[in-house]
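Take a look at the structure set out below.
Lettering follows sequence order; numbering is per chain, from 1. Given the structure is predicted, the values throughout are model-derived calculations rather than measurements. Scope of the values below: all heavy atoms of this structure, side chains included, with no hydrogens, waters or symmetry mates.
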Amino acid sequence: MGSILRIEKLEKSFGGVTAVDGIDFEVNPHQIKALIGPNGAGKTTIFNLISGIYPVTSGTIRFKEQIIDGLKPYIIAEKGISRTFQNVQVFEDMSILENVMLGRHCRTRSGFLAAALNLRKTRAEEKRIREYSLEMLSFVGLEAKRDEAASNLVFQQQKLLEIARALATEPELILLDEPVAGLSVPETDEMVQLIYRIREIGITILLVEHDMGMVMQVSEEVVVLNSGQVIAEGTPRQVQNNEAVITAYLGERETENANYTKS
Amino acid sequence: MKKKNLIVLVILAGVTMAIPLGLGNSYYLNVLVFVGIHSLITIGLSLLMGYAGQISLGQAAFFGLGAYTSGILSTKFGVSPWLALLAAIFVTGGIAFLIGAPALKLKGHYLAMATLAFGYIVYIIFNQASSFTGGPSGFGQIPRFRLGNFLFKTDVHYYYLVWILVIVALLISLNITHSRVGRALRSIHAGELTANVMGVNTAKYKIQIFVLSAVYASVAGSLYAHFITFLNPSPFGFHFSIVLVTMVVVGGVASVWGAMIGAALLTILPEYLRAFQDYDILIYGSILLLIMVFLPKGLFVGIFDLVKKRKNRQ
Amino acid sequence: MSLGSQLLQYLFTGITLGTIYGMVALGFNIIYSSTGIINLAQGEFVMLGGMMMIYLTTIIKLPMVVGFFLSILIVALMGALFERGAIHPLKNPSVITLIIITIAASILFKGGAMFAWGKETFALPAFSGEEPVRVLGATILPQTLWILGIMAATVVFLIFFFGFTLTGKAMRACAANRTAASLVGINVKTMVLLSFALSAAIGATAGIIIAPIALMDYNRGTMLAVKGFSVAVLGGLGSNVGAVVAGFIIGIMESLGAGFISSGYKDAIALVVLLLVLFIKPGGLLGSKEKGEFKKF
Amino acid sequence: MLTIRNLKSYYGRMQALKGVSLHVEEGEVVSLIGANGAGKTTLLNSIVGLVSSRTGQILFSDTDIIQRNPRQIIRMGVSLVPEGRQLFAPLTVIENLILGAYQRYRKDKKSEIKSDLEKVFVLFPILKERKSQIAGTLSGGEQQMLAIGRSLMAKPKLILMDEPSMGLAPLITTQIFQIISELHKQGTTILLVEQNAEAALRISSRAYVIETGRVVLQGMSQELLHNQEVRRAYLGREYKEVWE
Amino acid sequence: SVWNWVPTLKKPLVTYKVGALLSVTGPAAWLGTPERNTVRMIEEEINEAGGINGHPLEVIVEDTVGDATKTVTAAKKLISKDEVLAIVGPSRSGTTMAVIPIVEEAEIPLISCAAAEAIVVPVKRWVFKTPQKDSDAAIRIYEYMKEQGISKIAIITGTTGFGDQGRGQLKKFASEFDITIVVDETYGPEDTDMTAQLTKIKASEAEALVNWSIVAGQVIVAKNMRQLAMEIPLFQSHGFGNVKYAQTAGEAGEGIIFPCGRLLAVDTLAEDHPQKEVLTRYKEEYEAKYNEDVSTFGGHAWDALYLVIEALEEVGPDRGKIRDYIENKKGFVGTGGVFNFSPEDHNGLDKYAFEMLAVKDGKFVVAE
Ligand SMILES: Nc1ncnc2c1ncn2[C@@H]1O[C@H](COP(=O)(O)OP(=O)(O)OP(=O)(O)O)[C@@H](O)[C@H]1O
Ligand SMILES: Nc1ncnc2c1ncn2[C@@H]1O[C@H](COP(=O)(O)OP(=O)(O)OP(=O)(O)O)[C@@H](O)[C@H]1O
Ligand SMILES: [Mg+2]
Ligand SMILES: [Mg+2]
């Protein structure tokens with residue numbers, strides 16, 4: 001079976017800055033893969049390219065062997081890629097349940113006319129949307145808060161909400177941008193468990209994270225970027241001991257410094 | 001639609017239908033006809049502004065396009081007013097689509113300007129294309145609506161016609177806001193890019209709601225034309241676009257009920273202020289200012305909040 | 001009149017119009033830059049400046065120079081008063097609420113002016129004679145040269161102020177993020193007050209210098225606001241050079257449009273150009289789209 | 001330097017702090033730890049006045065600042081690295097930094113501010129590279145560096161840091177903690193909120209543990225580091241093996 | 001009631017209510033304000049003199065803001081809430097056209113103060129107007145031009161109802177007077193610079209320019225002409241009927257020629273001129289009361305309201321009878337001229353109601 005996501009010679013520049021500078025890597029189905037690298041290495045930019053937020057400067061992105069670069073974000077979502085954001089992006093004025101129901105949008109149909117007339121089939125569909133969304137909310141453990149405004153959630157819960165919303169789109173590939181940044185150790189642990197459960201329901205995961213403890217634990221493969229280029233790729237152990245990765249990213253692992261990561 | 005809304009809607013329908021029974025005076029009914037016509041526009045505008053978060057400073061142009069298309073077709077080409085109203089919907093909707101497609105790519109003040117410019121261009125055309133529109137002098141003798149042998153002639157007739165349409169529009173709008181589509185619109189308001197990434201075709205929805213709001217305005221315009229039976233460009237200028245936006249905001253931008261309250265207030269208020277002669281402009285401005293300063297979310301939400309606070313204190 | 005001098009005349013007309021619009025647009029930019037608000041009462045500041053000057057110099061008969069500065073001062077105070085009365089008390093207002101408030105204020109200013117000065121149109125003598133200057137068969141009024149000069153000075157001042165002074169940067173910071181601004185010790189409320197006073201002052205200046213050409217009455221504000229807003233947007237909100245360039249473009253489009261195509265459609269022609277520019281360049285001519293993405297509205 | 005007594009803070013009618021008392025001595029590094037939503041951010045924001053509905057006593061250098069607004073408090077020499085960074089997104093990197101020193105322009109020499117700017121660039125070279133870039137387009141980590149850099153530009157006596165290492169690469173995280181100890185050596189007083197509790201405890205002399213708006217535990221950092229409760233709730237062990 | 005207990009005071013008879021739809025504010029406030037002042041002045045005077053056959057007069061003024069929608073509502077208020085006997089106004093042509101269907105249906109006499117000929121041509125049963133017809137204004141201008149030997153002209157008109165109607169009349173009658181319109185330009189009511197249009201005119205072979213518009217435009221055109229050093233004579237419409245405009249235009253206004261009722265040249269009228277007395281009285285009273293110059297617009301309201309008052313005096317409070325009375329009124333001496341109404345003519349003035357005036361030293365004099 002081929003890769004679910006294949007990135008080839010991907011390039012992106014903003015005016016003078018080349019944020020992504022010729023990158024190749026693939027993600028295999030049912031894998032948990034991590035993208036790491038120093039700040040400004042281009043990780044988020046790659047996510048933005050995959051999800052269609054930015055047009056690529058050159059190179060291709062294939063999802064299930066189909067070229068998806070150049071497509072609109074919503075079409076990419078329909079095709080089965082969903083994501084979370086580094087700076088949490090929940091719809092603040094909407095309730096938590098509505099946030100998740102919005103994720104269901106691309107899997108449902110009824111349009112303006114049906115909505116205006118409130119047809120029976122529309123109501124039935126709305127009911128299905130609600131049920132599915134509630135399921136996703138309980139999957140991440142937020143079902144108790146479903147009617148609260150999203151802005152009332154604490155940071156960790158907002159992250160969970162983003163994941164529930166992403167799951168509601170029924171993705172095959174989910175992109176998680178720093179899922180545990182700002183979380184305490186026990187919360188990180190919970191998140192890791194959630195990530196495993198997401199994989200168990202058959203979803204492939206590509207994540208970006210700076211918490212090395214977490215990355216080393218969950219990911220099966222790691223791609224390391226620096227200045228928009230891949231400088232290493234392999235199992236966590238391999239990259240962890242790679243000289244280039246240590247100088248560019250991890251730093252000398254004196255005992256003292258090692259403790260500064262969240263473990 | 002939520003039950004609460006349905007109940008309010010039924011009560012509203014009951015009350016509006018009963019009003020003329022107790023109120024025969026043609027002046028009051030006439031004012032209420034305008035409340036209805038303005039409500040039609042503001043309900044559409046509140047869907048666009050309050051739900052989808054897109055501003056339009058050119059809504060008077062759609063109102064005018066509806067009025068002129070309807071008026072010209074029925075007066076100069078003998079088309080029945082009903083057909084003319086229908087044709088106006090298509091014409092106005094089509095123009096809204098053509099202008100909306102590029103304009104809705106713009107954001108915030110830029111969108112405001114683009115719609116304002118569009119509205120102004122339409123206004124200039126009303127003034128200049130005198131062979132069709134009668135130019136600045138306008139034209140009259142627009143036929144009235146007719147159902148079989150029944151001619152809509154008096155204020156009462158128009159009152160019922162307009163308010164039945166308002167209630168239909170409300171029903172449609174409430175259905176939309178409580179649907180998948182309404183949710184998508186609100187997500188656009190809250191974060192367009194995020195909505196897009198989550199699978200919402202934001203461009204499509206923005207255009208659809210823009211066209212819908214234009215259609216509401218167009219229907220209102222047709223009603224206006226066949227009610228007043230005379231058209232000249234002045235009611236369809238920039239000034240009225242601003243008044244419409246003001247109605248929506250004063251009522252409370254995020255609710256179709258608010259839009260109606262705003263339309264009612266800003267249509268009826270000037271009537272009361274007539275008594276103050278020249279001072280009316282100062283009083284009007286002050287009331288507007290006070291509402292916005294003390295109830296920045298508009299009357300609908302603002303009054304609710306006040307009531308809630310009162311309740312909590314007790 | 002030869003075609004050449006006709007063309008030159010259209011150009012002069014366009015420049016006259018353009019400087020008027022540009023001056024109004026500059027006022028929009030100031031408040032926008034420091035608060036993100038589009039102040040639709042900006043046109044009223046222009047009107048008030050013109051009317052106040054006419055009142056002070058032709059009715060109270062103060063000397064021109066005194067009247068000039070006194071009018072600007074009084075209108076700036078009105079701007080400050082407006083901010084204190086209507087903008088200051090608000091907590092976290094939405095942009096649209098603020099826009100409506102500026103509309104309400106413009107109604108009040110207009111009403112006030114109507115009561116103070118009546119409904120007639122007034123004229124103001126030109127600063128230095130009404131004898132037109134002849135250039136190659138075309139004519140330009142000395143007053144236009146005044147407007148050009150004062151506008152140039154204003155633009156230079158604004159560019160310097162917002163680009164290079166700390167206060168200017170602090171004002172822009174307020175528009176960008178009020179919380180952050182107070183976190184670095186900026187007095188946000190004072191900055192907002194200052195920006196209203198400043199834009200009122202610039203609006204008033206515009207009103208004074210255009211009054212000899214365009215005349216002035218209480219009802220003039222709205223139209224000036226609309227033109228100024230168009231020009232500010234075409235130039236790219238917040239860009240002062242953009243405002244000047246866009247002013248000339250709109251002015252010249254109108255005058256050429258009136259001269260060669262149709263005087264009835266001249267405004268429409270200018271607006272169509274505006275729309276086309278926006279559709280191609282959504283941030284206006286000199287506005288930064290990128291920066292725009294981070295603006296609240 | 002900072003003494004807080006019975007601080008209660010509210011968001012509307014919701015009470016987020018329920019009587020917090022703590023103190024920070026001059027030149028000390030004190031850390032605050034606690035779960036998500038415990039009220040750490042609320043506490044820091046209350047100190048600088050961003051959360052304005054608050055009662056109790058906040059003494060900074062023996063002056064009660066509970067009635068003051070953020071600007072007045074900042075001017076007394078307090079600086080905050082806020083949660084969520086709070087940058088001036090449409091402004092450039094360098095403009096953000098210069099504005100960080102906003103309240104110093106009256107008293108300090110320009111050259112001094114300039115040299116502090118250079119110091120920030122030495123700490124975060126990437127910011128120098130990107131100095132004319134619009135802050136909003138920086139990567140997440142770069143933005144965090146800018147937020148820290150901007151607060152350093154104020155040359156505060158007391159610096160409040162809300163999760164400064166959030167979103168930063170391990171190498172930079174290390175650096176941030178080095179900077180904190182550097183500032184400490186130079187005599188700056190620091191109140192630190194960190195999810196990276198272990199690192200925070202290692203660098204601070206004392207710490208407070210906050211839960212649902214109350215201080216539930218306080219003591220020397222070393223002791224807390226070995227406290228079973230704290231270890232279980234905030235430090236965890238699970239991944240250590242994997243990483244070491 | 002209290003009157004029964006106060007035998008020395010006479011119980012007043014029922015009040016006669018007359019409506020007035022005037023654009024007191026808004027873009028045509030310059031029309032509506034003198035009109036409002038005038039009707040208020042007359043109301044006071046009549047009541048001080050004991051009312052109309054003892055009935056007090058109440059004039060209910062509604063501000064139309066010059067807007068069609070508002071005018072319609074205001075008209076309905078006057079008709080069905082206030083139940084007025086007749087309506088004076090509206091001030092503007094457009095708003096008058098908008099209320100015509102309403103008054104026709106409600107069967108209430110309306111005496112418009114607006115210029116457009118379309119108001120009374122074709123005749124509408126319940127609608128009259130007091131300002132001179134704009135066709136007559138155009139004719140008088142052309143007659144004058146012919147005397148001066150002018151045959152090629154340019155016209156420039158404002159895009160308002162008034163300007164638009166004027167443009168139509170100018171074009172309609174040109175050929176009758178062997179006049180060719182070589183340039184036909186327009187401008188918006190809020191425009192502040194017409195040099196572009198005037199440049200075009202300057203480059204043409206026009207021997208005179210007619211500007212047909214309202215307020216500011218009339219002054220700006222004059223000023224712009226001076227800026228462009230244009231030598232051809234400038235004609236304005238009867239919209240120029242306020243001496244303030246001439247003063248505002250300053251030097252640029254000198255030599256402007258326009259058709260106008262005799263109100264503004266009352267000083268130059270012969271003592272035995274039939275209008276002399278009415279004009280002098282109105283002018284003196286108005287100027288004393290309001291401390292500002294009279295304008296012909298206030299005069300239109302004067303004529304309209306006095307027509308109604310006279311009808312009330314003669315036929316009492318009956319809408320139909322008032323209409324009939326006005327329709328058959330002959331020899332009514334007003335400020336606009338001597339009115340002779342008939343079922344075919346609901347304006348009642350001929351072209352001689354106009355005098356050609358010229359601006360000289362900031363004043364209006366009869367043009368020679
Ligand atoms: N719109 C833009 N204009 C200019 N430069 C940009 C833009 N967007 C991103 N960049 C730059 O591109 C580089 C890559 O950014 P990106 O957000 O992908 O980094 P990242 O790897 O996610 O970093 P972090 O770990 O800090 O989040 C950064 O240096 C950033 O400043
Ligand atoms: N602006 C706000 N409006 C209403 N409630 C708020 C607001 N900000 C925070 N809260 C609530 O106050 C409580 C304390 O939040 P605070 O942000 O101080 O926690 P924290 O300890 O900083 O958490 P984190 O680790 O997520 O940063 C939470 O219950 C939160 O929901
Ligand atoms: Mg990133
Ligand atoms: Mg926090």
Heavy-atom distance under 4.5 Å to chain E: side chain of [X], backbone, both or neither?
X	value
B/F139	neither
B/F230	side chain
B/Q128	side chain
B/F227	side chain

Side-chain donor-acceptor pair under 3.5 Å between E/T159 and B/N127, yes or no?
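Judged by distance alone, the side chains do not pair up.
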
For a quick check under 3.5 Å, do B/Y224 and E/T69 share a side-chain donor-acceptor pair by atom type?
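Side-chain D/A pair, B/Y224 to E/T69: present.
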
Provide the closest heavy-atom pair for B/R144 versus E/E105 in the form atom of the first, atom of the second, distance.
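Taking B/R144 first and E/E105 second, the nearest heavy atoms are NH2-OE1, 3.9 Å.
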
State, to 0.1 Å, how close B/P136 and E/G161 come at their nearest heavy-atom pair, and which atoms those are.
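Taking every non-hydrogen atom into account, CB-N, 3.7 Å.
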
Residue, of [options], that accumulates the most heavy atom pairs under 4.5 Å with chain B:
options	result
E/A106, E/A116, E/A29, E/A74	E/A74
E/K81, E/R36, E/K70	E/K81
E/D67, E/I60, E/D82	E/D67

[X] atom [atom1], over 12 foreign heavy atoms within 6.0 Å:
X	atom1	value
E/E45	CD	yes
B/K76	NZ	yes
B/F132	CZ	no

Sidechain-backbone polar pair: E/S80 side chain, B/Y27 backbone, donor-acceptor under 3.5 Å:
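Looks like yes, one N/O pair under 3.5 Å.
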
Side-chain touch B/N232/E/M97, heavy atoms, less than 4.5 angstrom:
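Side chain of B/N232 against side chain of E/M97, heavy atoms only: no contact under 4.5 Å found.
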
Rounded distance [0.5 Å steps], [atom1] in [X] versus [atom2] in [Y]:
X	Y	atom1	atom2	result
B/L273	E/D63	CG	CG	11.0 Å
B/Y28	E/K76	OH	NZ	15.0 Å
E/D164	B/S137	CG	OG	3.5 Å

Heavy-atom pairs under 4.5 Å with chain E: which of B/L29, B/I124, B/N30, B/V33 has the most?
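Looking at each of B/L29, B/I124, B/N30, B/V33 in turn, B/N30 comes out on top.
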
Please classify the contact between E/V65 and chain B as side chain, backbone, both or neither, with a heavy-atom cut-off of under 4.5 Å.
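For E/V65, neither part sits under 4.5 Å from chain B.
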
Heavy-atom distance under 4.5 Å to chain B: side chain of E/A75, backbone, both or neither?
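No part of it gets close to chain B.
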
